[in-house]
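Worksheet for the structure shown next.
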There are 2 protein chains.
Amino acid sequence: MKILIVEDEIELSNSMATYLRGESYLCEIAHDHRTALDKIEVFDYDCILLDISLPDGNGLNLLRQLKANNKTDGVIIISARNSIDDKIEGLNLGADDYISKPFHLSELSARIKAVIRRRRFEGTSVLVFNELVIDIEGKSVFIDDKPVDLTRKEYDLLLYLASNKNRIISKNAIAEHLSGDEIMSYDNLDFIYSHIKNLKRKLSMAGCSDYIKSMYGMGYKFEPKS
Amino acid sequence: MKILIVEDEIELSNSMATYLRGESYLCEIAHDHRTALDKIEVFDYDCILLDISLPDGNGLNLLRQLKANNKTDGVIIISARNSIDDKIEGLNLGADDYISKPFHLSELSARIKAVIRRRRFEGTSVLVFNELVIDIEGKSVFIDDKPVDLTRKEYDLLLYLASNKNRIISKNAIAEHLSGDEIMSYDNLDFIYSHIKNLKRKLSMAGCSDYIKSMYGMGYKFEPKS
DNA sequence: CTTCTACAATAAGGATCTTCATAGAAATTA
DNA sequence: TAATTTCTATGAAGATCCTTATTGTAGAAG
């Protein structure tokens, strides 16, 4: 799960990132309008935390541009002002939620969770593929109603593949998704094999095989039987 | 999908190639102006990554020559300088996008994907021919909504033919599209027969025959029924 | 301090790609 | 139409590259 923090106050943005990383999110920070737009154009984020009062421009314009580009990223507007107008305009422009400074990080986290659930998983907090159930809320996985113990990486991997079902995901993408911030050495992607192997083993031991397919030379694909 | 990397920094160009090969692109590297031009004249690339500041000349001139030759290759300009002027001039000369050093490889990859989608597939990321669906984003093929497993070469071949539907594609063109530049002498084009055969077999086994026609003495043609 | 888990690196095993040999089909020529 | 030539299809084996299994290391937990 990837989050973009658009916030110019260094200290605040850092503590947000720290907290959210603790919640297993991958966080990137943009301290200004332009950086944010560049990142948004190229990457897909699960949620964008957008401070309305940016130093180099109006955050609402950024939101406009974002929506004009048909981006599907979730957006939570952050504002220092308690202005109702901003809130209404932001929501009208397509923001998913709104939070006013100062806020508790736990509240922010809860709102993020809700936005992601609504957008990425269409309101549901569980993904169901026949006997395989992924409980996003509880970060747990069940097969035939019996819980399967996965490590954090394994869970992230499964959720990532499952939410991209029937699409081949490159090892580059997996590596990036699993190991937080940008990796600069993409030479040693072998560690992915272990995670894939362990995940496959745990799933099949619980009676759930062949969901994750290796696509020779291309990556991996989650393919539900349906 | 073929990419030409025009970049004199050895290490950077290598890591770019490694990453992009991981994304299933065929990559070639030119370390100088002259080599690049030679390659561009002979081959068609889906995207050219052009470092503006080449050791033996100005990259913008290379771009000019490229456009003067009516090449349809997509171009992404790479620049160390943050100069807005270069960016504007490059885009005026017909470049499709622009990225500044230093950049993240995943960002480069995302921009390449966007350029190719715009240029080759008119913005869409899914090709639909009746019961046959090609998901470019997910590198997956579906027939009657059921996934069809293709190898990388088979997929590339299908995508190439399908994106040139109703046009006869020579075996030379196919060979060039499927291979890197190591093979300058295309005497052994037999490998194409194998890939065509296997592709046809997999498609017809999934209930989708007669899309790929052999044109005796000329090549192959993808001909949707519609 | 010991034990266990998660992660990284290396070696063995498989899938894919290419080549080669041969058979079949289509066009050309007589 | 038959013979000949040219081109394409098929099958199989070796080479190459990728994946999986195994092993080793570091860090966390007890």
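Numbered from 1 within each chain, the chains take letters A, B, ... in sequence-line order. For the numbers below, each heavy atom of this structure counts, side chains included, while hydrogens, waters and symmetry mates do not.
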Tell me the interatomic distance from [X], atom [atom1], to [N], atom [atom2], rounded to whole angstroms.
X: L157(B); N: dT18(C); atom1: CG; atom2: P; result: 11 Å
X: E154(B); N: dT18(C); atom1: CD; atom2: P; result: 11 Å
X: L189(B); N: dT10(D); atom1: CG; atom2: C1'; result: 17 Å
X: L199(A); N: dC7(C); atom1: CG; atom2: P; result: 13 Å
X: N198(A); N: dT5(C); atom1: CG; atom2: P; result: 12 Å
X: H195(B); N: dG11(D); atom1: NE2; atom2: C1'; result: 15 Å
X: F191(A); N: dT10(C); atom1: CZ; atom2: P; result: 15 Å
X: D156(A); N: dC7(C); atom1: CG; atom2: C1'; result: 15 Å

| field | Cation over ring face, K2(B) and F43(B), 6.0 Å, 45° | value | yes
| query | Any salt bridge between E107(A) and R111(A), counting N to O under 4.0 Å? | reply | yes
Going by salt bridge (charged side-chain N to carboxylate O under 4.0 Å, His left out), name the residues that satisfy it together with [X], two or more places apart in sequence or in a different chain.
X: R167(A); value: none
X: K165(B); value: none
X: R120(B); value: D46(B)

| task | Evaluate the criterion salt bridge (Lys or Arg N to Asp or Glu O under 4.0 Å) for residue pair E7(A) and K101(A); output intermediate values, then yes/no. | result | CA-CA 12 Å; E7(A) 169 63 62; K101(A) 290 191 207 174; 3.4 Å; yes
| Inter-axis angle, terminal five-pair segments of the helix from dC1(C)-dG30(D) to dA30(C)-dT1(D) [nearest 10°] | 30°
| task | For R152(B), answer base if it contacts any base atom (sugar-phosphate contacts may also be present), sugar-phosphate if it contacts only those atoms, and nothing otherwise; contact means non-hydrogen atoms under 4.0 Å. | result |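 Counting heavy atoms under 4.0 Å across all strands, the contact made by R152(B) is with sugar-phosphate only.
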| said: With a 4.0 Å limit, can you tell me whether N188(B) has a side-chain N or O closer than that to the phosphate oxygens OP1/OP2 of dT18(C)? | reply: no
| message | Side-chain N or O of T151(A) versus OP1/OP2 of dT5(C): is the shortest distance under 4.0 Å? | response |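 It does not, given that no N or O in the side chain of T151(A) lies less than 4.0 Å from OP1 or OP2 of dT5(C).
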| field | Check against salt bridge (Lys or Arg N to Asp or Glu O under 4.0 Å), E137(B) and K113(B) | value | CA-CA 9 Å; E137(B) 192 75 22; K113(B) 201 182 290 179; 3.5 Å; yes
| request: Let me have a per-nucleotide readout for nucleotides 19-30 of chain D, 5' to 3', with B, S or -, counting only protein heavy atoms under 4.0 Å. | output: BBSB--------
| task | Output the distance between atom OG1 (T151(A)) and atom CG (D156(A)), rounded to the nearest 0.5 Å. | result |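 With rounding to 0.5 Å, OG1 (T151(A)) is 8.5 Å from CG (D156(A)).
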| task | Could you check D210(A) against K225(A) for salt bridge (Lys or Arg N to Asp or Glu O under 4.0 Å), going step by step and ending with a plain yes or no? | result | CA-CA 9 Å; D210(A) 307 322; K225(A) 288 154 194 166; 5.6 Å; no
| query | Does CZ belonging to R34(A) count more than 12 external heavy atoms closer than 6.0 Å? | reply |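 Not more than 12 within 6.0 Å, no.
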| Which parts of residues 135-142 of chain B get close to DNA chain D, meaning a heavy atom less than 4.0 angstrom away? |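 Here the set is empty: none.
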| task | Determine whether the aromatic ring centres of F222(A) and Y160(A) lie less than 6.0 Å apart. | result | no
